[in-house]
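Shown next, in structure tokens, is the structure this report addresses.
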Amino acid sequence: MALHIYNSYVRTKELFEPHTEGHVGMYVCGPTVSGESHLGHARPYITFDLVYRYLTAKNYKVRYVRNITDAGHFEEEGREAEDKVSKKAQIEKMEPMELVQKYTNLFHWAMKQFNCIEPSIEPTATGHIVEQIGMIEDIISKGYAYEVNGSVYFDVKKYATTHDYGKLSGRVIDELLDANNRAEVSRALDGQQEKRDTADFALWKAAPPEHIMRWKSPWGEGFPGWHIECSAMATKYLGAQFDIHGGGMDLLFPHHESEIAQSTICNHTAPVKYWMHNNMITINGRKMGKSYNNVIKLTELFSGNHPLLAQAFHPMTVRFFILQSHYRSTLDFSSEALTASEKALKRLWDAHVILQKMPVTPDAVAQDVELDSKINHWLSEFEVFMDDDFSTPKVIANMFEMAPIINAMKDGLIASNAISSYTLQLMKDKFVLFLEQIFGLQDISNNSNSILTPVMELLLEIRKEAKASKDFATSDKIRNQLTAMGIVIKDEKDGNTSWGLA
RNA sequence: GGUCCUUUGGCCGAGUGGCUAGGCAAAGCUCUGCAAAAGCUUCUACAGCGGUUCGAAUCCGCUAGGGACCUCCA
């Protein structure tokens, strides 16, 4: 089975064939660092981290580019717009780059919490003003952009005569061009009246005098338009044609549609072979987003400090929660759903740890052939499911099929020789590969405290002695007090006692 | 208004026309001095109506609800 990816551009699953054999170029739209990341942002980064990890596991050499949008017309969260541009505000508050640095750092921190691998290149928009200006000049020289009052706009109407503008997002070009005739759509957008057509989009915006983020350009001082940075940086680092472009579904239009148009004019070829779009995380069925005022910031999620949260959630719980649904489905958030994921992950991870500790007897033959073959079947499906457009929920379901078997083997309810040594070893290897390396999950417990370990050994030794002499008052006291402190102990079937932080 | 998507058991969530996904919760049982954990068992749902088909959660139509995009938005 070979990897198939759902390509938004053709709305169907396609066999994945990279442009250059063995190599993959992947571009993912990164964060706009004018504010703190929220749960909704976590989804694309975790989704494409998974894609990156899986492609790597399939021995592709992947160049993963994810940008930082740190330029443009944006405001810091929670501040008045006019504040931002007033001179006094400039002195009192942060430098634009200071603000951008703050949220970039916070974003990187969150990605680390989620165990997302850093991209190969993380270019910033402000670091590529030169490339963006160059690209805009190129588009003008080719006759697909025009300058008005220091701003430059892309000529969508002209582009649409020879290209399929709107194909990616399913837009009908005539409707876009007619948009100015319809009251509902025409909004008080800045500079709308200077465009030749409302469907045209900005490549470069002239900066009003009070605007603090500004760069010199052939058209005067200003800042780049909203889509050109991705075209410029993707072209620079991945070439005129690359394999995968990822991002949220809400970026389909106009962002990605415009990206295609810009790059196509400059490079004489469509830039991307496979467009991948993750769906949204919702709350009560409604998209989590700034506009809806229903966001849960990642810092709030990890601390539990939000009215909608019954408790704090570990980043791995969130990661697992996201992997439990398919990336193209909406995922409805609730505190209860996350709690369910937390318990599920703990159960699965416990089984994983138990599995990895199991000794493999060399050359053991399966005594239960049926069980042995079932396990082999489940394991072989891991790749099949992943190759089918990254069906992580199905892989997880198969893992849960094996969890009771692993636990039963540990407790002696299933004989340890029921499955062959080959199968046991394979199961160990696949769990490590998929759970840790591809899903990027990590141990959620925190038992690595060096002083606590010998102390616990001592306590458990005392408790064991108390139990041996039927002094249950003492043994229960130890257990109950530890439970109250957040340390859970379990008497195992083999007479030993395990412990862990709750 | 346009374009598109969606509606699965108490909750979350997979589902490629035929064979109980899975998780969480709940109930019963087993193992434990008691717990916890674990194991076993139970809970067979696909918005409504109609159609196609030997057979539909899955395809088609209509109705109803929800949502996304059309504007910065993951």
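Please read all numbers here as calculations on a predicted model, not as lab measurements.
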*Set of salt bridge (charged side-chain N to carboxylate O under 4.0 Å, His left out) partners for A/K374, sequence neighbours left out*: none
*asked:* With rounding to the closest Å, how many angstrom separate the P atoms on B/rU63 and B/rG1?
replied: 14 Å
Please tabulate, one pair per line, each protein N/O and nucleotide N/O from nucleotides 17-20 of chain B that are separated by under 3.5 Å, including the distance.
none

*In the strands shown, is B/rC62 matched to any nucleotide by a Watson-Crick or G-U wobble pair with both distances under 3.5 Å, and which?*
B/rG48
*Mind checking what makes side chain to side chain contact (heavy atoms under 4.5 Å, CB included) contact with A/T282, not counting sequence neighbours?*
A/T330, A/D332
*Watson-Crick or G-U wobble partner for B/rG18, using a 3.5 Å limit on both distances?*
B/rC54
*Results of side chain to side chain donor-acceptor pair (under 3.5 Å) for A/N67 - residues two or more places apart only*: A/Y27, A/T69, A/E229
*With a 4.0 Å cut-off on heavy atoms, is A/M399 in touch with a base, just the backbone sugar-phosphate, or nothing at all?*
nothing
Protein-nucleotides 13-15 of chain B N/O pairs closer than 3.5 Å?
unit_1: B/rG13; atom_1: OP1; unit_2: A/D332; atom_2: N; d: 2.7
unit_1: B/rA14; atom_1: OP1; unit_2: A/H326; atom_2: N; d: 2.9
unit_1: B/rA14; atom_1: OP1; unit_2: A/S329; atom_2: OG; d: 3.1

*With sequence neighbours excluded, tell me which residues meet side chain to side chain contact (heavy atoms under 4.5 Å, CB included) with A/H306.*
A/I296, A/E300, A/L308, A/L309
_Pair A/F114 and A/F302, ring centroids less than 6.0 Å apart_ = yes
*For B/rA68, take OP1 and OP2 only and decide whether either is under 4.0 Å from a side-chain N or O of A/Y292.*
yes
*Apply side chain to side chain contact (heavy atoms under 4.5 Å, CB included) to A/H352 and list each qualifying residue two or more places apart in sequence or on a separate chain.*
A/W349, A/Q356, A/F431, A/V432, A/L435, A/E436
*Applying salt bridge (charged side-chain N to carboxylate O under 4.0 Å, His left out), which residue pairs with at least one partner in residues 315-330 of chain A are found, sequence neighbours left out?*
A/D49-A/R319, A/R328-A/D389
*How would you list all residue pairs meeting side-chain hydrogen bond (donor to acceptor under 3.5 Å, both in side chains) that involve residues 398-409 of chain A, not counting sequence neighbours?*
A/E381-A/N398
*In whole angstrom, give the distance that lies between atom NE2 of A/H255 and atom C1' of B/rC72.*
11 Å
*Atom pair distance, as rounded to whole Å: CD1 in A/I406 and C1' in B/rA37*: 15 Å
*Can you tell me if the side-chain N/O atoms of A/K346 get under 4.0 Å from OP1 or OP2 in B/rA37?*
no
Check the interface with nucleotides 24-27 of chain B: list each N/O to N/O pair with the protein under 3.5 Å, or write none.
unit_1: B/rC24; atom_1: OP1; unit_2: A/R347; atom_2: NE; d: 3.4
unit_1: B/rA25; atom_1: OP1; unit_2: A/K343; atom_2: NZ; d: 3.2

*Heavy-atom protein contacts under 4.0 Å, nucleotides 30-36 of chain B, coded B base, S sugar-phosphate only, - none*: -B-BBBB
_Rounded distance in Å between the P positions of B/rA14 and B/rU8_ = 11 Å
*Classify the nucleic acid contact of A/L413 as base, sugar-phosphate or nothing, counting any heavy atom under 4.0 Å across all strands shown.*
sugar-phosphate
*asked:* List the residues meeting side chain to side chain contact (heavy atoms under 4.5 Å, CB included) with A/S329, not counting sequence neighbours, and say none if there are none.
replied: A/H326
*Just say parallel, tilted or perpendicular for the rings of A/Y159 and A/Y165, cut-offs at 30° and 60°.*
perpendicular
*With sugar-phosphate meaning primed atoms plus P, OP1 and OP2, does A/G40 contact a base, only sugar-phosphate, or nothing at under 4.0 Å between heavy atoms?*
base
